[in-house]
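To start, the structure itself, in structure tokens.
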Amino acid sequence: MGKSIIDKIWEQHVVYKEEGKPDLLYIDLHLVHEVTSPQAFSGLRMKNRTVRRPDKTFATMDHNVPTVNRYDIKDPVAKNQMEALRKNCSEFGVPLADLTSAEQGIVHVIGPELGLTKPGMTIVCGDSHTSTHGAFGALAFGIGTSEVEHVLATQTLWQTKPKTLKLQIDGKLGVGVSAKDVILYVLSKYGIKFGTGHVIEFCGEVIESMSMEERMTVCNMSIEGGAKAGLVSPDETTFAYIDGRKYAPQADEMESWKSRWKELASDEDAVYDRVIVIDGSEIAPMVSWGTNPSMTAPVTGRVPYLSETKSETEKKSIESALAYMGLDEGQQIEDIKIQKVFIGSCTNSRLEDLRAAAEIVKGKSVHEGVSAIVVPGSQQVKKLAEAEGLDQVFLSAGFEWRESGCSMCLSMNDDIVPAGEHCASTSNRNFEGRQGSGARTHLVSPEMAAAAAVYGNFVDVRRLSPAVV
Amino acid sequence: MAGFKEYTGKTVGMDRTNVDTDQIIPKQFLKRIEKTGFGEFLFYDWRYKSNGELNPEFELNLPENQGATILVTNENFGCGSSREHAPWALLDFGFQVIIAPSFADIFYQNCLKNGILPIVLSEQKVQSLLERSKNQPYTLTVSLERQTVSDEEGLNESFEIHPYWKKLLINGWDEIEITLKLDEQIKLHEELQLNK
């Protein structure tokens with residue numbers, strides 16, 4: 001019986017096995033940020049414990065950081081939290097990409113960008129979007145602060161082996177349909193808990209032909225389907241991305257690593273607990289209309305009618321979502337007016353995302369009554385984008401060009417969507433209050449967000465695409 | 001962490017599905033560096049109106065639900081963000097037990113690490129508990145040792161929990177202490193990795 005990449009990585013990391021216990025799993029890379037780590041470091045200090053492997057730990061600050069005047073942090077509690085990370089990293093010897101560092105950025109952007117993320121690794125972070133790193137064929141998952149403390153102290157975690165789910169996306173995506181639309185489509189079809197207790201392996205022609213940045217977007221939102229992790233078997237695209245990055249293997253060792261990494265790919269006859277097959281050509285640009293990521297429809301579609309619901313529970317939840325979002329049942333997606341646009345987050349803030357958005361914006365202007373910001377995922381992304389002149393494209397269209405951080409994805413800093421306003425956002429969660437109390441989030445691709453900024457409402461980017469026209 | 005054996009407490013029903021951790025504790029309250037003091041912000045946007053007044057219609061604010069320490073709720077409770085501030089807030093508010101048809105994975109683990117017992121019961125059984133606790137004070141007794149949920153009127157349901165988590169909860173053990181005893185095995189793994 002063949003093995004999946006999930007089985008292979010798991011087996012290679014079991015440190016200790018005992019009947020009646022979960023497996024003790026070794027962790028190869030532990031990423032740390034300011035919000036979910038202070039209590040873990042305090043725990044170590046209280047028990048006089050140390051960080052076992054600071055060399056396998058890497059920290060940055062991203063959630064709280066201002067995207068304008070980034071050194072002027074007005075909120076004393078946020079400032080204190082960032083200070084705490086500095087103090088903790090220096091005391092325990094953990095490397096930190098601080099605000100002043102050219103490597104600072106969203107933790108799930110900088111891990112891959114620096115070459116810290118590699119195939120076959122187990123990667124954790126006190127952040128649910130750790131699944132992003134699965135794009136490299138790593139088993140990467142989010143953990144709570146108690147588990148952060150456990151990993152700091154022991155470099156391991158007690159874990160029961162999750163079930164495996166193969167999600168195969170066949171065919172080709174249409175022009176104007178992006179990786180974000182793929183994962184939003186999956187969530188709209190299978191809901192926000194279909195992956196609970198599972199690790200998803202994304203595969204099929206659509207995934208194989210994706211760039212690493214696109215694969216990251218897909219894996220990033222695995223957690224939105226409840227999955228423990230999402231990953232893709234590594235291939236030449238993966239190796240080419242890693243090659244030459246700061247923490248990647250040395251040039252003379254790359255070939256031997258590549259041959260080891262190739263063996264990780266799932267066997268042809270691998271067995272999974274569940275298999276889902278999707279036709280990629282059916283996917284349209286998607287827009288979320290509700291208060292969880294499965295409440296999503298094609299841009300050409302509409303909000304559901306309450307009469308279409310299958311149960312009282314579903315009816316209740318749609319009713320409350322529509323009330324929160326200020327939408328009518330049956331309303332066309334293209335009729336939703338937009339006041340805010342956010343291009344950023346660990347889902348869609350990489351160079352390719354910014355290029356795709358800039359392509360739509362070029363030579364146009366932000367619609368009257370819309371305020372739009374672009375928040376590059378990292379200082380490196382920002383620098384590369386500026387070298388290509390993308391900042392100028394956005395600025396001359398009337399967008400704001402900001403410093404890197406999580407920003408309006410969860411609005412822990414000052415980047416907040418005012419109550420009642422509709423925001424076309426390239427982030428990952430449209431939960432009530434996520435972008436601000438009463439904020440109305442619509443999850444979309446960078447292309448769709450850019451088009452919404454220009455037109456003031458949602459438009460089908462396939463109609464704007466030169467390849468179609 | 002104190003051991004968890006048997007617990008009797010008043011329940012509050014919250015018949016909502018997919019309650020995410022952004023609702024349990026909104027992001028503006030995640031900036032503190034302690035584990036305590038999050039209770040006052042629990043379900044903040046639901047518990048309070050935008051003018052800061054208590055929302056009288058919210059489940060936790062109903063007079064008959066005051067002092068409740070067992071939360072009965074619907075499927076996929078605790079989905080979304082991994083923030084452990086969610087169980088810290090629930091615990092700080094007074095909750096010891098949460099009963100639902102399903103939990104999000106990270107949230108479930110986070111509860112266990114903080115001595116909150118997450119209990120999975122079938123949708124039908126949860127519905128019946130929600131009915132029983134509606135509009136009146138309703139008390140449940142939870143025995144982790146026997147893995148049962150019971151009331152004074154003869155209800156007695158059993159639930160599943162992994163024997164390892166059960167043992168940790170009952171004894172209130174420090175998991176890191178247990179793992180550190182396996183230092184030899186961890187070292188061995190590290191050496192094997194190096195030599196590969």
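These numbers come from the heavy atoms of this one structure, side chains and all, not from hydrogens, waters or symmetry mates. Sequence lines set the chain letters: A, B, ... in the order given, protein chains first and strands last, and positions in each chain run from 1.
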Point to revise | Gap between atom NZ of A:K87 and atom CD1 of B:I33 - 0.5 Å precision | key: 7.5 Å
Check your understanding: Side chain, backbone, both or neither: which part of A:L410 has a heavy atom under 4.5 Å from chain B?
Key -> both
**Study point:** Gap between atom CD of A:E19 and atom OH of B:Y164 - 0.5 Å precision
**Key:** 15.0 Å
**Study point:** chain B contact via A:I192 - side chain, backbone, both or neither, heavy atoms under 4.5 Å
**Key:** both
Exercise for review: Verify the neighbour count for atom NZ of A:K161: are there more than 12 heavy atoms of other residues, nucleotides or ligands below 6.0 Å?
Suggested key: yes
Practice item. Please look at A:T313 and chain B and tell me whether the side chain, the backbone, both or neither of the residue comes under 4.5 angstrom of a heavy atom of that chain. Key: side chain
**Study point:** Part of B:K166 lying under 4.5 Å from any heavy atom of chain A
**Key:** neither
Check your understanding: Within a reach of under 6.0 Å around CD of B:E34, are more than 12 heavy atoms found that belong to other residues, nucleotides or ligands?
Key -> yes
Study note, to complete from the structure: Distance col, row B:I106:CD1 vs A:F141:CZ, nearest 0.5 angstrom, shows 9.0 Å
Practice item. With a 4.5 angstrom heavy-atom cut-off, could you sort out which part of A:V148 is near chain B: side chain, backbone, both or neither? Key: neither
Check your understanding: At a heavy-atom separation under 4.5 Å, does A:E314 approach chain B through its side chain, its backbone, both, or neither?
Key -> neither
Study note, to complete from the structure: Heavy-atom closest pair (B:W165 atom, A:W158 atom, distance to 0.1 Å) is CH2-O, 3.9 Å
Point to revise | A:V35 and B:K31: CA distance, side-chain angles, deciding distance, side-chain contact (heavy atoms from CB on, under 4.5 Å) verdict | key: CA-CA 6 Å; A:V35 178; B:K31 296 170 188 170; over 6 Å; no
Review point. In terms of side-chain heavy atoms, does A:T36 have a donor or acceptor partner in B:E84 at a distance below 3.5 Å?
Key: no
Point to revise | Side-chain H-bond candidate by donor/acceptor type, B:E190 with A:Y26, under 3.5 Å | key: yes
Review point. Around atom CG of A:N48, are there more than 12 heavy atoms of other residues, nucleotides or ligands at under 6.0 Å?
Key: no
Check your understanding: Among B:P163, B:G80, B:A104, which has the most heavy-atom pairs under 4.5 Å with chain A?
Key -> B:G80
Study note, to complete from the structure: For residues 3-27 of chain B against chain A, heavy atoms under 4.5 Å, the residues are B:D15, B:T17, B:N18, B:D20, B:D22, B:Q23, B:K27
Study note, to complete from the structure: Smallest heavy-atom separation, B:D174 atom then A:K47 atom, equals OD2-NZ, 3.0 Å
Review point. Top residue by heavy-atom pair count (under 4.5 Å) with chain A, among B:H162, B:H85, B:E177, B:K167?
Key: B:H162
Check your understanding: Under a 4.5 Å heavy-atom cutoff, which of A:P162, A:G144, A:P293 has the most pairs with chain B?
Key -> A:G144
Review point. Distance from A:T145 atom OG1 to B:K35 atom NZ, nearest 0.5 Å?
Key: 7.5 Å
Exercise for review: May I ask you to name which of B:Q109, B:Q28, B:Q185 has the most heavy-atom pairs under 4.5 Å with chain A?
Suggested key: B:Q185
**Study point:** Best-contacting candidate, A:S437, A:S411, A:G226, against chain B by heavy atom pairs under 4.5 angstrom
**Key:** A:S411
Review point. Do the charged groups of B:D183 and A:R52 touch, with an N to O distance under 4.0 Å?
Key: yes
Practice item. Tell me, for A:T156 versus chain B, whether the close heavy atoms (under 4.5 Å) come from the side chain, the backbone, both or neither. Key: side chain
Exercise for review: Under 4.5 Å, counting heavy-atom pairs only, tell me which of A:N428, A:I143, A:N292 racks up the most with chain B.
Suggested key: A:I143
**Study point:** Contact class of A:R429 relative to chain B, heavy atoms under 4.5 angstrom
**Key:** side chain
Practice item. Identify which of B:D45, B:L182, B:L188 forms the greatest number of heavy-atom pairs closer than 4.5 Å to chain A. Key: B:L182
Check your understanding: At a heavy-atom separation under 4.5 Å, does A:K79 approach chain B through its side chain, its backbone, both, or neither?
Key -> neither
Check your understanding: Which answer fits A:A153, side chain, backbone, both or neither, if we ask what part of it has an atom under 4.5 Å from a heavy atom of chain B?
Key -> both
**Study point:** Engaged part of A:T130 at the chain B interface, taking heavy atoms whose separation is under 4.5 Å
**Key:** neither
Exercise for review: Hey, could you give me the NZ/CZ distance between A:K193 and B:F77, rounded to the nearest 0.5 Å?
Suggested key: 15.0 Å
Review point. What distance do A:S146 atom OG and B:N110 atom CG have between them, rounded to the nearest 0.5 Å?
Key: 6.5 Å
Review point. How far apart are the closest heavy atoms of B:S81 and A:S128, and which atoms are they?
Key: CA-OG, 3.7 Å
Check your understanding: Relative to chain B, which segment of A:T196 carries a heavy atom at a distance below 4.5 Å: side chain, backbone, both, or neither?
Key -> both
Check your understanding: Does any heavy atom of chain A fall under 4.5 Å from the side chain of B:Y108, the backbone, both, or neither of them?
Key -> neither
Practice item. Say whether B:W46 and A:E432, considering side chains only, have a donor N or O and an acceptor N or O under 3.5 Å apart. Key: yes
Exercise for review: Taking only Lys NZ, Arg NE, NH1 and NH2, and the carboxylate oxygens of Asp or Glu, determine whether A:D75 and B:R32 approach each other closer than 4.0 Å.
Suggested key: no
Exercise for review: Using non-hydrogen atoms and a 4.5 Å limit, figure out which bit of A:F431 sits close to chain B: side chain, backbone, both or neither.
Suggested key: both
Exercise for review: Using a cut-off of under 4.5 Å on heavy-atom pairs, state which of A:K21, A:M82, A:R49, A:H13 scores highest against chain B.
Suggested key: A:R49
Review point. Can you say whether A:Q435 sits under 4.5 Å from chain B via the side chain, the backbone, both, or neither, judging by heavy atoms?
Key: backbone
